[in-house]
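Worksheet for the structure shown next.
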Amino acid sequence: MYNQIYFIAMPAPEELVIAQPPEPLATSKKRKRPKSAEKKGKKKKGLDGSKPAKRMTWTNKQRALVFAARGITFHARHLMNDLRILMPHSKTDSKLERKEGLYAINEICEMKNCNMSMFFEMRKKLDLFMWLSMVPNGPSARFLVQNVHTMDEMRLTGNHLKSSRPLVTFNKAFDEQPHLSLIKELLKQMFATPNMHPKSKPFYDHVLGFTYLDGRIWFRNFQITDQAEGSLVEVGPRFCLWLIKIFSGSFSGNVIYDNPNYKSPNQYRTELKIAASHRYKAKAEKNAKKAAVEIIPKEDELDEIFHTITKDELKQAG
Amino acid sequence: MIVLENPLLEDTVVEEEGSGDESVDDMEISGALKSGKVSEEGMKTMTHINNVPKLKERLEAIQKKLPWIENLDVTVDLKVPIEDMKAVINDNFKQEMLFYKQSQVGAQQSIARLISMGISTERPEDYFAEMVKSDVHMKRVKEKLISKQLTMERTEKVTKMRKMKRLGKKVQQEVLKKRADDKKGMIEKVKKIRKGKAEQADADDFEMNTEPETSSGKKGKDDINKKRKAKDSKYGFGGKKKMAKKNTQESAKDVTTFSSRIHSKPKRSAKNDKRMGGGKPSGKPSGKPQRPGKTKRANNKNRARNK
């Protein structure tokens, strides 16, 4: 079925995005800042190495704090590191202690001057949870992370420039429900590198795909090997997010959305155990039934031939 | 974990993982009550919160009116019919194809837009910068791919050989049979030709050259052994010749053995012969004195003995 190319008739670029149409580069000249306030390691490579004709400074100051709680396993840690590599606008911090509580994250973000946070926590060293939050007041969401494959896997063969800005794609399904459009906004702001970020590279060679399918959000990262043909190679990492709850505040606040399809991994495990025990119970009952039934042997006519008459029978006969 | 007596609320609030975040739990209860979505009847039904107005309000709060270039985001609508979507959910391969297609379409749209804005998207050949995966890692990946390919080729080869082996016996038998049949046929034809039924035999099949082939052998011009030749001339064609030493007309005429060189020299007669005493006398030819005759030698010998 995928032989029919689901290539939509391309609409005009302006129709695509809810946001405003692109501003021409010339207007940005107003926002020039003095050189001292600008970056340390800013690499502005103009086209063909020449001086860029128009300069646009880094205005969209988004910084994300990406870190984890204690008790995280190596697999999750690798995933976190991979995501940090993908997000050049991210900052990191040491592992959060349990007793501090989630609300302390807001304080850490304030100290680091971050306005977004991606926080990983692990339960029972089995289940990985991810928090996405806009730090001062914004909403936060908690997800269960499944099907994790890190960039180190041999099967993910692509490679792209480090810190190059990603092209972010979303499924149409994100626009159909209000909670999904909120999640989309969170993901978009988290993963999209701001324009002219000092660490970012000027070329576009990878694309992130967020797909809402089967109640879960799937994440893929592809390298664009051939721009003309649009051939992609997967770079990784890849994971799948299952929304649990959305809170109105950052690591605090009321629950404004609760996923009815979400089943916690503990619940899932207990269900499995019960099902297993059911199987055992059913089997035990069956065996008991079998044992309870009396086996009455069939009467054989030939028995009478070798029947010796005993004294008791004589007595009974009379 | 907070222990609740109201079973209705338990469903919405319980976190089996024992979250250490009590503040959130508190908020959750109040949230559940506030939203007014907790139903009083149906104790076993799960009550779920979906506070749409609040969601919209929060969305507006975080949404920033930025130009597209800041976020580079694209919404892709692959028009997949619902029945196909159900099939996709169960099939991993189809799922991956869906994700791939979405990213592909999205990337193409974004790149087209960037190019129209005049921004270069492709990395030039001489722009070297750090890549997300190290060269060492990529080398390992490459090796793995190559080894996979090799094993595949090997297995294919092996299966092919096995197949060929099974067929090979059959093929061999057929070939032998064919050869035998051909041989038979040829023999028949030869017999027919010998018997004189050339037309029936169809002699064209044979394609033989009637002229002998002149081949350059190793021996050269005269293939026959020289020794053989000599013996032949002496003993061949009838054996020893009785009249060998007798002259015939031809042998008398034959002057090939006469050498003019030898016979042109002057004759060696007694007159000319030096030993006989003829010819020109010469002095002592060599420095040695002429040897005395026998009697003189004997006398000298006796004299020496007697002295």
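What you are looking at is a predicted structure, and each value in this text was computed from that prediction instead of being measured. Labels below follow one simple rule: chain letters A, B, ... track the order of the sequence lines, proteins then strands, and each chain is numbered from 1.
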Scanning both residues in full, the closest heavy-atom pair of A/Asn195 with B/Glu70 reads N-OE1, 3.2 Å
Of all heavy-atom pairs linking B/Gln108 and A/Ala228, the shortest is NE2-O, 4.3 Å
Max heavy-atom pair count under 4.5 Å with chain B, selected residue of [options]:
options	value
A/Leu161, A/Thr157, A/Val207	A/Leu161
A/His179, A/Gln189, A/Arg165	A/Arg165
A/Gly236, A/Gly138, A/Gly158	A/Gly158
A/Thr169, A/Leu182, A/Ile256	A/Ile256

Evaluate the side-chain contact (heavy atoms from CB on, under 4.5 Å) criterion for residues B/Asp73 and A/Phe170: first the C-alpha distance (whole Å), next the side-chain angles of each, then the deciding distance (0.1 Å), finally the verdict. CA-CA 8 Å; B/Asp73 69 315; A/Phe170 292 95; 4.3 Å; yes
Less than 4.5 Å to any heavy atom of chain B: does that hold for the side chain of [X], its backbone, both, or neither?
X	value
A/Phe174	neither
A/Leu156	both
A/Ile85	side chain
A/Asp82	neither

task = Evaluate the criterion side-chain contact (heavy atoms from CB on, under 4.5 Å) for residue pair A/Gln62 and B/Lys64; output intermediate values, then yes/no.
result = CA-CA 11 Å; A/Gln62 302 261 60; B/Lys64 296 187 182 177; 3.0 Å; yes
Sort [X] into side chain, backbone, both or neither according to what part of it lies under 4.5 angstrom from a heavy atom of chain A.
X	value
B/Ala107	both
B/Ile89	side chain
B/Glu57	neither

Among residues 137-146 of chain B, residues within the sub-4.5 Å heavy-atom range of chain A, in order of number, are B/His137, B/Met138, B/Arg140, B/Val141, B/Lys144, B/Leu145
Residues 155-166 of chain B side chain polar contacts: donor-acceptor under 3.5 Å, at least two apart:
from     : atom 1 : to       : atom 2 : distance (Å)
B/Thr155 : OG1    : B/Thr151 : O      : 3.1
B/Thr155 : OG1    : B/Met152 : O      : 2.7
B/Thr159 : OG1    : B/Thr155 : O      : 3.1
B/Thr159 : OG1    : B/Glu156 : O      : 2.6

